[in-house]
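See below for the structure under consideration.
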Amino acid sequence: MLAIEGLTKTYGASAAVRDVSLTIERGSFVGVIGRSGAGKSTLLRMVNRLTDPSAGRILFEGRDVTALQGAQLRAWRRSCAMIFQQFNLVGRMDVMTNVLTGRLSHASHLRSLLNMWSDADKAMALAALEQFDMASLAARRVDQLSGGQQQRVAICRALVQEPDIILADEPIASLDPRNTKAVMDALLRINKHFGITVVCNLHSLDLARSYCDRLVGMSAGQVVFDAAPEALTDDVARNLYGLEAGEVLELASPVSFPATTTPVAA
């Protein structure tokens with residue numbers, strides 16, 4: 001269980017996140033919604049400790065994440081994988097090598113410097129790519145892929161970290177509708193078939209309602225809504241986005257997957 005207690009981040013006199021408290025159960029798929037500048041990205045970056053909070057604390061399984069330093073902090077970032085809007089891949093490297101960088105924190109310092117991967121690491125990376133129909137592209141340079149394919153590579157890289165939590169910061173913001181569905185389907189598959197907790201920042205309310213089992217709405221750095229997707233009313237939509245509800249609130253069709261998926265090799 002992830003517990004966020006009174007988390008605040010200030011920049012001078014301005015507060016990006018203000019006194020946020022949340023409890024996120026293991027295995028849940030949580031969508032964080034709200035307009036740009038609401039504090040969604042800052043919140044995720046504090047959970048991963050890419051940004052240090054100004055006040056409050058983060059607990060995981062009772063351990064104070066905000067107090068971690070050095071090797072313990074690196075271990076936390078390994079178990080709390082981050083997926084970014086801009087993919088953060090190395091374009092000149094092939095798909096397989098990009099995925100294998102997710103194993104760096106599991107390798108010795110010398111092995112990671114020499115880019116020497118064990119057979120087990122390679123098998124895990126290939127199994128992850130197979131999960132998302134990317135194995136045939138393992139030898140292709142990443143900069144030759146579409147945006148949706150690159151984001152799936154980033155998801156595979158996160159998966160081979162063997163995380164407890166995946167934090168996805170606007171993972172579909174730069175994608176077309178077809179690739180948007182492919183990436184959201186991939187995140188849902190990770191959540192449902194591997195039981196990994198997913199916390200995903202989203203602008204689109206119809207996607208949030210379709211994929212997430214809980215929605216957290218933020219406005220001006222504060223949590224103003226926290227409930228199941230069915231509780232997202234027109235009034236909440238107006239408060240979050242400042243638009244007429246009909247402009248932003250659409251009920252999307254349900255998403256389903258086949259019941260069987262082979263786990264990534266360990």
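Bear in mind the structure is a predicted one, so any value in this text is a computation, not a measurement.
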> So, are D169 and K40 salt-bridged, with charged N and O less than 4.0 Å apart?
Replying inline: no
> Are Y211 and L202 close enough that some pair of their side-chain heavy atoms sits under 4.5 Å apart?
Replying inline: no
> Side-chain contact, heavy-atom cut-off 4.5 Å: L59 with M1?
Replying inline: no
> Do L232 and V32 belong together in a cluster built from hydrophobic side chains that touch within less than 4.5 Å?
Replying inline: no
> Does M184 reach the side chain of I172, with side-chain heavy atoms less than 4.5 Å apart?
Replying inline: yes
> Do F225 and V17 share a hydrophobic cluster (ILVMFWY, side-chain heavy atoms under 4.5 Å, transitive)?
Replying inline: no
>> By the side-chain hydrogen bond (donor to acceptor under 3.5 Å, both in side chains) test, which pairs, at least two apart or in different chains, include something from residues 67-94?
In response: D94-T97
>> One thing to verify: whether D143 and R141 come together as a salt bridge, which I'm taking to mean a side-chain N less than 4.0 angstrom from a carboxylate O.
In response: yes
> Is it true that V216 and I24 fall in one hydrophobic cluster, defined by side-chain heavy atoms closer than 4.5 Å?
Replying inline: yes
> Do V99 and I155 belong to the same hydrophobic cluster, where Ile, Leu, Val, Met, Phe, Trp and Tyr are linked whenever their side-chain heavy atoms lie under 4.5 Å apart, directly or via other members?
Replying inline: yes
> Is L188 linked to V153 within one hydrophobic cluster, defined over Ile, Leu, Val, Met, Phe, Trp and Tyr using a side-chain heavy-atom separation of less than 4.5 Å?
Replying inline: yes
> With a 4.5 Å heavy-atom cut-off, do L89 and F84 have their side chains touching?
Replying inline: no
>> Could you check whether any side-chain heavy atom of M93 comes within less than 4.5 Å of a side-chain heavy atom of T101, counting everything from C-beta outward?
In response: yes
